[in-house]
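Below: one structure, written as structure tokens.
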Protein chains: 2
Amino acid sequence: MVTAPIMSACETCVVRNRAICSALDTQEINALNQLGRRRAVTAGEPLIWEDDDSLLVANVIEGVLKLTTSTEDGREQIVGVAYPSDFIGRPFGHTTKASVVALTDARVCVFARSDFDRFAKEHPELEHKLLERTLAELDRTRSWMMLLGRKTAAEKIATFLLEMSDRLSDNVGCQVFPGPRPRFTLPFSRQQVADVLGLTIETVSRQFTRLKSEGVIELPSRREVEIIDRAALVGQAG
Amino acid sequence: MVTAPIMSACETCVVRNRAICSALDTQEINALNQLGRRRAVTAGEPLIWEDDDSLLVANVIEGVLKLTTSTEDGREQIVGVAYPSDFIGRPFGHTTKASVVALTDARVCVFARSDFDRFAKEHPELEHKLLERTLAELDRTRSWMMLLGRKTAAEKIATFLLEMSDRLSDNVGCQVFPGPRPRFTLPFSRQQVADVLGLTIETVSRQFTRLKSEGVIELPSRREVEIIDRAALVGQAG
DNA sequence: CGACATCTTTGACGGCGGTCAAGTTTCACA
DNA sequence: TGTGAAACTTGACCGCCGTCAAAGATGTCG
């Protein structure tokens with residue numbers, strides 16, 4: 001569903017100071033605001049299709065989205081996860097190679113790619129923020145390659161749970177109770193965890209069960225995880 | 001003919017028009033030239049160490065380099081490969097998470113990271129080029145995640161050979177004879193191919209011999225590959 | 001030219017994790 | 001609260017690919 005742009009919506013935006021928009025002053029952000037619109041995406045709903053013309057870019061305001069690529073025969077790999085204040089889409093390019101689908105209900109701030117490209121080129125500070133963000137994302141993606149190429153299933157799961165506990169400890173909308181026993185709600189189903197880690201759903205399930213029986217984690221419900229023994233996870237993360 | 005009093009090395013640089021430097025005019029590039037210096041790196045020699053303070057950035061002039069991350073117990077994953085005109089290093093950051101090692105004898109144009117950062121911030125056109133390059137690298141890295149997480153050994157090898165035949169068909173210093181039967185010299189040992197694909201050296205070797213016995217490729221020497229049946233490779237690439 | 005080190009290939013074997021097939025739990029919705 | 005569908009777990013089996021070991025090929029340097 002689509003809502004009409006709200007005057008000065010940016011000024012009260014919860015990610016105003018963390019997203020790339022933080023590079024802009026009030027006047028500039030009002031100009032950018034004219035180009036974009038807010039959009040709600042419900043869990044499971046796609047925002048961008050793989051191999052589409054790259055028509056949209058967006059900032060995540062609230063919620064979690066997945067970036068995926070697939071083979072023709074249906075195998076899927078999650079190649080990125082976007083949290084609030086993250087930028088999604090492919091500026092300065094012609095096609096995207098990844099689909100973007102909401103994992104939770106989400107709100108995003110979308111722009112036509114061509115509008116955004118033009119605006120960005122005129123605002124070097126914005127491009128600089130985007131560059132820093134892209135470089136950081138590349139770092140993160142590369143360390144994930146290490147995991148996919150060289151880690152065992154047990155190491156993958158341990159690494160994943162530690163990353164989740166870090167990533168979700170901010171205001172991501174997935175209830176977190178920080179402290180010695182971090183507890184959080186996964187934005188992923190078991191199948192999606194498998195798609196992140198390059199495993200099957202059965203292997204993910206077995207590893208979760210093993211960690212639970214070893215007393216390393218607790219699983220209060222399907223989506224909830226409580227880390228009982230963080231040191232053990234670190235030890236198993238490879 | 002009289003030589004100009006100050007003739008920067010950049011003006012005759014073979015990657016002058018492909019590297020990020022192409023964003024700069026003659027005056028600007030002379031200024032950048034003052035900050036950098038050329039350096040030869042012999043095959044096997046490291047340029048940047050994993051977890052080092054990010055002190056260097058560089059442009060590749062000639063040769064091929066690998067970016068790797070390792071686990072404590074010595075498993076290695078190649079997370080990127082840099083060809084002529086590619087940019088390496090981590091600007092605007094404090095540490096790098098990847099080592100950079102030359103695969104072939106190489107020549108690079110290195111800068112102190114702090115010098116480069118300062119210069120870049122003053123030259124938006126340069127930052128824009130760097131952004132486009134980083135976005136493209138992120139795309140490539142993500143499609144490699146698909147390979148690492150979801151493809152079989154046979155598919156990995158086929159994909160790898162096709163990518164090599166594309167990448168090396170430019171002036172990379174690895175002799176190439178283009179045409180219906182592309183033939184090239186790999187800049188990788190078998191172990192390094194394994195480190196790119198998340199496999200073992202034995203599996204790589206077995207896949208190579210299989211493709212040879214199927215008549216899909218020819219292996220004139222250890223490092224040389226001739227593609228006999230490109231369509232078969234495409235069919236096996238998943 | 002010969003000897004040694006290194007890289008690569010090949011073989012035998014086993015285990016990790018994938019596949020297939022039930023069960024079981026959870027949840028949405030009546 | 002009952003009911004069905006979807007998500008998850010568990011078990012049995014097996015195949016791909018990793019491990020271990022040894023032989024073969026290639027290159028270097030005396």
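Please read these numbers as outputs of a predicted model, since none were measured by experiment.
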With sequence neighbours left out, write down each residue that passes side-chain hydrogen bond (donor to acceptor under 3.5 Å, both in side chains) with A:Thr134, or none if nothing qualifies.
none

A:Gln77: side-chain hydrogen bond (donor to acceptor under 3.5 Å, both in side chains) partners, not counting sequence neighbours
none

Check this for me, if you would: do A:Arg38 and A:Glu62 make a salt bridge, where the nitrogen-to-carboxylate-oxygen distance has to be below 4.0 angstrom?
no

B:Phe87 meets the ring pair (Phe, Tyr, Trp, His ring centres under 6.0 Å) criterion, sequence neighbours left out, with B:Phe116

With sequence neighbours left out, write down each residue that passes side-chain hydrogen bond (donor to acceptor under 3.5 Å, both in side chains) with B:Ser213, or none if nothing qualifies.
none

Could you list the residues that satisfy side-chain hydrogen bond (donor to acceptor under 3.5 Å, both in side chains) with B:Thr159, not counting sequence neighbours?
B:Lys151

Readout for nucleotides 7-12 of chain D: B = base within 4.0 Å of protein heavy atom, S = sugar-phosphate only, - = neither; 5' to 3' it is BSBBBB

Residues, nucleotides or ligands: over 12 heavy atoms within 6.0 Å of B:Arg37 CZ:
no

Can a salt bridge be assigned to the pair A:Glu137 and A:Arg142 using a cut-off of 4.0 Å between side-chain N and carboxylate O?
no

Is there a donor-acceptor contact under 3.5 Å from the side chain of B:Arg150 to the main chain of A:Glu76?
yes

Note: chain B reaches DNA chain C at heavy-atom distances under 4.0 Å over the stretch, first to last nt, 5' to 3', of C:dC7 to C:dA12

For residues 196-205 of chain B, which side-chain N or O atoms pair as donor and acceptor with protein atoms under 3.5 Å away, sequence neighbours left out?
{"residue": "B:Thr200", "atom": "OG1", "partner": "B:Thr203", "partner atom": "N", "Å": "3.3"}
{"residue": "B:Thr200", "atom": "OG1", "partner": "B:Thr203", "partner atom": "OG1", "Å": "3.1"}

At what angle, to 10 degrees, do the two end axes of the helix from C:dC1-D:dG30 to C:dA30-D:dT1 meet, given five pairs define each axis?
40°

Strictly by ring-ring contact (aromatic ring centres under 6.0 Å, His included), give each pair with a member in residues 185-214 of chain A just once, sequence neighbours left out.
A:Phe160-A:Phe188

Listing request: all salt bridge (Lys or Arg N to Asp or Glu O under 4.0 Å) pairs with a residue in residues 205-220 of chain A, at least two apart in sequence or in separate chains.
A:Arg210-A:Glu214

Contacting residues from residues 141-162 of chain B, given that a heavy atom lies under 4.0 angstrom of DNA chain C:
none

